Protein chains: 2
Amino acid sequence: MSVHTKTTPNSLTPVAQKFILHWGEMGTRWGINRTVAQVHALLFLSPRPLPADEIAETLAVARSNVSTSLRELQGWRIVRVVHVLGDRRDHFESIKDVWEIFRIVSEERKRREIDPTLRVLDECVQEVKANPQGDAYTRERLTDMREFLMAMTGLFDEVIHMPAGALKGVLKLRGKVVTMLGKKAV
Amino acid sequence: MSVHTKTTPNSLTPVAQKFILHWGEMGTRWGINRTVAQVHALLFLSPRPLPADEIAETLAVARSNVSTSLRELQGWRIVRVVHVLGDRRDHFESIKDVWEIFRIVSEERKRREIDPTLRVLDECVQEVKANPQGDAYTRERLTDMREFLMAMTGLFDEVIHMPAGALKGVLKLRGKVVTMLGKKAV
DNA sequence: CTCTCTATTCAGAAATTACTAAAAACACCG
DNA sequence: CGGTGTTTTTAGTAATTTCTGAATAGAGAG
C-alpha cells in the first residue's frame, strides 16, 4: 500500500470541469491529443503541483495515458516536474503565465512545422529553378508562399520575443497599432 | 461516356508532388484532413481551375472524397467554383494570394474556435464569481486566460485587417517594429 | 540484495476518423 | 417527360489514432 493518504478524492468543480472539457476539445481541433490538452488544463487550474496518479483519477483515464501525456507536455516545455517534501512521487506543474504559454507553444510549433515547411519550399524553389521549362507558374506560387512564410514568421518572432511588459503596453494601444504601422509603412 | 477528352493524364511534376505531400502532412498537424490539404495545395499550384474528377485522378483518391474535400475548402472560403465555357462540370480554383489565404483561414479559425472558447471562459468566470467560496485561484487563472485571448485576438484582428499594401510595408520594417511599439508602450 | 513504490513501455483493444464504391439526387438538354 | 452527365449522400470498410492493463524498468530504503 502507498504511504500516501490518497491526497484528495479530488472531484472537479463544475467550472473546472467545463474548462477542462472545452480545452480538450480545442486541443483536438489544433492537432493536439484530447487527453494531453485536458491534463494541461487541469495543471493550469491547479494551485499546486499534482502527481500523475491524482491526475489520472481526476480525469478518469489510465495512469499510463497520463504518463505519456505528461511526457508530451514536457516536450512542449509548458509543464515541468517538481518534488514535494516527503513524497517520492513526481509532481507536475504548468506554467501559469498565459502569455508565456502562448509564446513557448508558438515557438515550438514554428520549430516543428514552419521551419521544415520552409526547408521544403527552399528545395522546391531550387528544383524548379533548375528546370525552368514550363512551370513558371508553379515557381511563382512557391516563391510567394516561401516569402510570405519568411516575412510572417519574422514579424511573429519579433512580437513573440517582446518583453512581457512591452507586450502588455502594445495590447493597450489597440486601434492605434495599425495606424502607426500603416503610416510608417505605406 | 463523357464529352470531355479527358483533359490531361496530369501526372504531377516532382516539385508539385513534393509540395502537395508536405502540405497534406502539415494539414494533419493542424487538425486539417490530409486530403483536404492536398486538394488545396493542388489548386494553389494549378494555373487553371480544375474539375473534381481531374483532382481525384491526379491525387489518386476517390471522386467522392474530392467532393467532400472541396465542400470543406469552400467552407473555409479559400476555394470557389467557376465554370468553363462548353464544360458542364464545376471547376475549382484556389485563392492565390498567400496573405489573403492566411487572413481568411485565420478569421475562420477565430470564428470557429477562439470565439466559442471566449464564450466558455465568460461563462466560467461568471459562474466562479457567483460561487466565491474557495476557487479564488481558478477564478484568477480563468480571468487571465480570458483577458489574454481577448487582447491577443484584438491585436491580431487589427493586423489581419490591414490593407495588403500596408502589411507588405510593415514586413519590411522587420527589426524596427518591436522598438517602435516598445517605445510607445512601455 | 531485496522489497516497495513509482514511472515507463508495449501489445492489443477500442474508438475515431478517413475513405471508398454504390446509390441517390440534381441539372440540363432534347 | 427520358436520358445523360455530374455532384452529393450514404452505409460500410479501412486506416489511424488513442487508450488501456499488464509487464517491465527504475530508484531508493532498509
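Numbered from 1 within each chain, the chains take letters A, B, ... in sequence-line order. The structure displayed is predicted, hence computed values, not measured ones.
- Rounding to whole angstrom units, CZ of residue A:Arg29 and C1' of C:dT17 are separated by 15 Å.
- Between A:Ala41 and A:Phe19, the shortest heavy-atom contact is CB-CE2, 3.8 Å.
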With 3.5 Å as the limit, what N/O pairs link the protein to nucleotides 8-16 of chain D?
from  : atom 1 : to      : atom 2 : distance (Å)
D:dT8 : OP2    : B:Ser67 : OG     : 2.9

Name the pairs: protein N/O against N/O of nucleotides 24-30 of chain C, kept only if under 3.5 Å.
none

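- Of all heavy-atom pairs between A:Val128 and B:Val15, the closest is N-CG2, 4.1 Å.
- A:Asn65 meets the side-chain contact (heavy atoms from CB on, under 4.5 Å) test with A:Thr35, A:Val61, A:Ala62, A:Thr68, A:Ser69; sequence neighbours excluded.
- Listed by chain and residue number, nothing satisfies the salt bridge (charged side-chain N to carboxylate O under 4.0 Å, His left out) test with A:Asp157 (two or more places apart in sequence, or in another chain).
- Under 4.0 Å is where a charged nitrogen must lie from a carboxylate oxygen, and between A:Glu107 and A:Arg111 no such pair does.
- Partners of B:Arg63 under the salt bridge (charged side-chain N to carboxylate O under 4.0 Å, His left out) rule, at least two apart in sequence or in another chain, do not exist in this structure.
- In this structure, B:Arg112 pairs ionically with B:Glu108, as a charged nitrogen and a carboxylate oxygen lie closer than 4.0 Å.
- Atom-to-atom, CZ of B:Arg89 to C1' of D:dT7 comes out at 12 Å; the value is rounded to the nearest Å.
- Considering only side-chain N and O atoms, A:Asn65 lies nowhere under 4.0 angstrom from the phosphate OP1 or OP2 of D:dG21.
- Across every non-hydrogen atom of A:Gly27 and A:Ala37, the tightest pair is CA-CB, 4.1 Å.
- Helix-axis bend for the helix from C:dC1-D:dG30 to C:dG30-D:dC1: the local axis fitted to the five terminal pairs at one end deviates from that at the other end by 10°, rounded to 10°.
- Separating the CD atom of A:Glu72 from the C1' atom of D:dC19 is a distance of 14 Å, rounded to the nearest angstrom.
- The cationic atom of A:Arg141 (NZ for Lys, CZ for Arg) lies less than 6.0 Å from the six-membered ring centre of B:Phe44 and within 45° of the ring axis.
- Computed from coordinates, the A:Asp87 CG to D:dA29 C1' distance equals 15 Å when rounded to whole Å.
- Heavy-atom minimum distance, B:Thr117 versus A:Trp23: CG2-CZ3, 4.3 Å.
- Atom pair B:Leu73:CG and D:dT7:P shows a separation of 16 Å (rounding to whole Å applied).
- Between A:Glu25 atom CD and D:dT18 atom P the separation is 13 Å, expressed in whole Å.
- In this structure, B:Asn33 places its CG atom 13 Å from C1' of C:dT16, rounding to the nearest Å.
- For the pair A:Glu54 CD and C:dT6 P, the computed distance is 13 Å after rounding to whole Å.
- Counting non-hydrogen atoms of neighbouring residues, nucleotides and ligands closer than 6.0 angstrom, the CZ atom of A:Arg109 exceeds 12 such neighbours.
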